[in-house]
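Here is the structure we will look at.
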Amino acid sequence: NAGVTQTPKFQVLKTGQSMTLQCAQDMNHEYMSWYRQDPGMGLRLIHYSVGAGITDQGEVPNGYNVSRSTTEDFPLRLLSAAPSQTSVYFCASSGTAGSGGYTFGSGTRLTVV
Amino acid sequence: GNSVTQMEGPVTLSEEAFLTINCTYTATGYPSLFWYVQYPGEGLQLLLKATKADDKGSNKGFEATYRKETTSFHLEKGSVQVSDSAVYFCALREMDSSYKLIFGSGTRLLVRP
């Protein structure tokens, strides 16, 4: 049981480049989210999805796009990377509404130079 | 909107000391509450949860009680170990259709031998 798989684990980008962070879960979970983690700021929600074909913005969506064409996959796209997007990115999923917790991936450490 | 506030760290303790990490929340209704733990270089793991008032979540010697009167969910452990050194996050799950997870800023715990 792989859980939530994020790729790549590390990435260095130049300012202005674009890339996609991949997230896949094999638990048939409806709810998926992307967070970024910065020192002293906890985890901030970027985008989330409540099911295939449905996405919405979180707290810090600017500069990022998402899509949810399948239940399993929830990729995060950086349109034009900026140094302010240097962060650790976590994907998470949950199969239940309300009382259930989320399962997290191991993260992608992104550096934009 | 809903929010979670945690005590600032770092918290430094000697092995076998008593641990309390304070967490309070602001929310409409009665959301489910969670504690997550992040060990160095890893993703977040669900430590414990409580889904209604007066519930006590427990795991690995850690406990937290859902107190609606004080809107609190403080994390406690009677005797910490060096291996408990990590960052601890308090979180609530939204009760609207998004079922998003909202995090506090995290509290770093360092346990010295």
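- Using a 4.5 Å cut-off between heavy atoms, B/Gln6 does not touch chain A at all.
- Summarising the local packing, CD of B/Glu69 is surrounded by more than 12 heavy atoms from other residues, nucleotides or ligands at distances under 6.0 Å.
- Heavy atoms from other residues, nucleotides or ligands lying under 6.0 Å from CD of B/Glu15 number more than 12.
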Show, in sequence, the C-alpha distance, side-chain angles and deciding distance for A/Leu43 and B/Leu44, and conclude whether the side chain to side chain contact (heavy atoms under 4.5 Å, CB included) test is met. CA-CA 10 Å; A/Leu43 283 89; B/Leu44 277 75; 4.0 Å; yes
Stepwise, does the side chain to side chain contact (heavy atoms under 4.5 Å, CB included) test hold for B/Phe103 with A/Gln37? CA-CA 11 Å; B/Phe103 284 92; A/Gln37 183 178 26; over 6 Å; no
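- A heavy-atom distance below 4.5 Å is found between the side chains of A/Tyr102 and B/Tyr36.
- Counting all heavy atoms, side chain and backbone alike, A/Ser94 lies closest to B/Arg93 at OG-NH1, 2.9 Å.
- Nearest heavy atom pair, residue A/Tyr35 against residue B/Leu101, reads OH-O, 2.7 Å.
- Hydrophobic cluster membership differs between A/Val4 and A/Trp34, with clusters built from Ile, Leu, Val, Met, Phe, Trp and Tyr side chains linked at under 4.5 angstrom.
- Using a 4.5 Å cut-off between side-chain heavy atoms of Ile, Leu, Val, Met, Phe, Trp and Tyr, with links allowed through other members, B/Val87 and B/Leu48 fall into different hydrophobic clusters.
- Linking Ile, Leu, Val, Met, Phe, Trp and Tyr residues whenever their side-chain heavy atoms come within less than 4.5 Å leaves A/Leu45 and A/Tyr64 in two separate clusters.
- The neighbour count for B/Arg112 CZ, taken as heavy atoms of other residues, nucleotides or ligands under 6.0 Å away, does not exceed 12.
- If you chain together hydrophobic residues whose side chains sit under 4.5 Å apart, A/Ile46 and A/Tyr31 never meet in one group.
- Taking hydrophobic clusters as Ile, Leu, Val, Met, Phe, Trp and Tyr residues chained together by side-chain heavy-atom distances below 4.5 Å, B/Leu46 does not share a cluster with B/Leu75.
- Chain B is approached within less than 4.5 Å, heavy atom to heavy atom, by A/Gly105, A/Ser106 from residues 105-113 of chain A, ordered by number.
- Heavy atoms from other residues, nucleotides or ligands lying under 6.0 Å from OH of B/Tyr39 number more than 12.
- Between A/Phe90 and B/Glu42, the shortest heavy-atom contact is CZ-O, 4.0 Å.
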